[in-house]
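For reference, the structure is listed below as structure tokens.
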Amino acid sequence: MSILVLNSGSSSLKFKLFDIASLKEIASGRAERIGMTEGTLVYYNGRNKTVINKDFPTHELALEEALSLFTDSQVGVMDSIRQISAVGHRVLHGADRFSESVLINENVVAAIEDCIPLGPLHNPANLMGITACMDELPCVPQVAVFDTAFHASIPDYAHTYPIPHELTKKYHIRKYGFHGTSHRYAALAAAQMCEDESLRLICCHLGNGSSVAAISAGRCIDTSMGLTPLDGLEMGTRSGSIDPSVIQYLCKAENLSLDEFLNILNTKSGLLGVSGVSSDYRHTEAAADGGNERALLALSIFNYRVRTTIGAYAAALGGVDGIIFTGGIGENSHRCRSAVLGGLEYLGAQLDEKLNEQPSSEKRFIQSASSKVKIMVIPADEELMIALDTFELTKDLITKR
Ligand code: ADP
């Protein structure tokens with residue numbers, strides 16, 4: 001029996017199939033350009049990659065293609081799609097409606113729809129994945145796993161913006177935070193690695209989107225993203241935190257509408273905007289190495305913001321026992337980790353530069369023997385976390401089927 005995990009974007013559908021007994025991945029893939037021309041679907045069955053070039057007008061048709069590959073006589077991994085016992089969906093915004101993963105029913109679908117104003121790009125796409133499954137796998141239980149849910153435990157003084165409180169209440173304004181599934185997975189893995197569930201952890205998820213979370217004994221107490229993923233750190237194309245007055249000033253100076261300026265903050269800022277080279281950390285590093293000063297500044301801002309957020313969260317936690325690096329940059333860039341941690345020795349965090357520079361795709365410790373703080377690299381695995389939640393919420397239904 002298996003669990004299918006889906007992450008559907010507006011024009012893409014990522015999927016991973018897990019064996020229930022071992023929770024090992026047995027197949028994965030990604031359909032791109034759904035609803036457009038020149039669609040593709042890449043499928044991997046653990047041995048071979050299959051590429052299908054075909055247009056997928058809807059998410060449902062992309063899912064249908066993936067399901068037929070699962071049972072294909074050449075590249076398949078199961079005899080019948082009846083072996084799929086449950087489906088877990090990544091859902092971006094659960095607002096204040098969901099503080100944990102839930103079994104999907106009509107009310108849950110309606111509540112995810114209600115959250116669309118807060119996640120206008122992602123929630124409709126996530127719903128397309130859910131609807132496609134309802135059509136293609138009608139009797140299979142489905143679970144929604146929210147990016148925001150892990151942050152529901154953040155105390156009011158940390159999640160409330162200091163604006164007139166009537167507005168906060170009327171419009172459900174708060175710091176919701178994102179990457180919750182990744183932070184939760186990393187915190188669980190760190191507790192296992194350290195054999196201690198009571199740790200004060202600071203988790204840095206550094207990728208195209210980046211956020212830091214402060215976690216005390218497995219519960220999140222603060223995070224750097226806000227009402228939307230625009231807040232906090234400098235990111236690939238997002239600015240992170242800026243003084244809101246900059247928006248008013250530049251809208252007037254450049255004769256831009258608020259929507260136009262928000263689009264600049266979301267898609268033309270961050271590493272890309274500062275460097276003028278790329279939103280990609282590696283490319284920005286290469287440009288900085290070649291002497292490009294704007295690229296160097298972009299990286300310095302990135303590393304400085306991560307470092308100062310770690311400092312703030314050490315204060316929030318009353319000390320820190322472990323710092324985690326995850327996400328494409330956090331897992332792969334030893335230079336980023338070294339730059340972020342340089343200057344944090346006062347917290348008791350000391351890198352072992354040799355361990356830090358050793359390439360590996362495994363979970364690992366990279367602190368020196370004398371470091372008081374454990375420093376860990378933990379490859380992100382949001383899909384496994386979604387599969388685990390899906391199994392937990394459906395195991396009684398599965399045994400009855
Ligand atoms: P997303 O947030 O879209 O899931 P990822 O977590 O895959 O993104 O992270 C993508 C980022 O990771 C890019 O900026 C990329 O440059 C960076 N990255 C990947 N590998 C390396 C590497 N070896 N060194 C530096 N940065 C890397």
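What's counted below: heavy atoms across the whole structure, side chains too, no hydrogens, waters or symmetry copies. Remember, it's 1-based here, ligands and their atoms both numbered in the order they're listed.
- Nearest protein heavy-atom neighbour of atom 20 (N) of ligand 1: Asn332 ND2, 3.4 Å.
- In this structure, Asp222 pairs ionically with Lys175, as a charged nitrogen and a carboxylate oxygen lie closer than 4.0 Å.
- Residue Asp280 has at least one heavy-atom neighbour below 4.0 Å for each of these atoms of ligand 1: 13 (C), 14 (O), 15 (C), 16 (O).
- Heavy-atom proximity to Gly209, at under 4.0 Å, picks out these atoms of ligand 1: 2 (O).
- Residues Asp196 and Lys374 are not paired through a salt bridge, judged by the lack of any N-O separation under 4.0 Å between the basic side chain and the carboxylate.
- Given atom 14 (O) of ligand 1, the protein heavy atom at minimum distance is Tyr281 N, 2.9 Å.
- Between Lys363 and Asp381 there is no salt bridge, since none of the side-chain N atoms of the basic residue sits less than 4.0 Å from a carboxylate O of the acidic one.
- Under 3.5 Å, the side chains of Glu353 and Ser338 contain a donor-acceptor pair of N or O atoms.
- Distance from atom 26 (N) of ligand 1 to its nearest protein heavy atom, with residue and atom name: Arg282 CG, 3.6 Å.
- For atom 23 (N) of ligand 1, the nearest protein heavy atom lies closer than 4.0 Å.
- Residue Gly328 holds the heavy atom nearest to atom 12 (O) of ligand 1 of all those in Gly328, Ser279, Gly270, Gly327.
- No option in Arg90, Lys16, Lys14 other than Lys16 meets the salt bridge (charged side-chain N to carboxylate O under 4.0 Å, His left out) test with Glu383.
- The heavy atom nearest to atom 2 (O) of ligand 1, considering only Ile329, Thr284, Asn208, is found in Asn208.
- The aromatic rings of His179 and His205 sit parallel, their planes meeting at an angle under 30°, below the 60° perpendicular limit.
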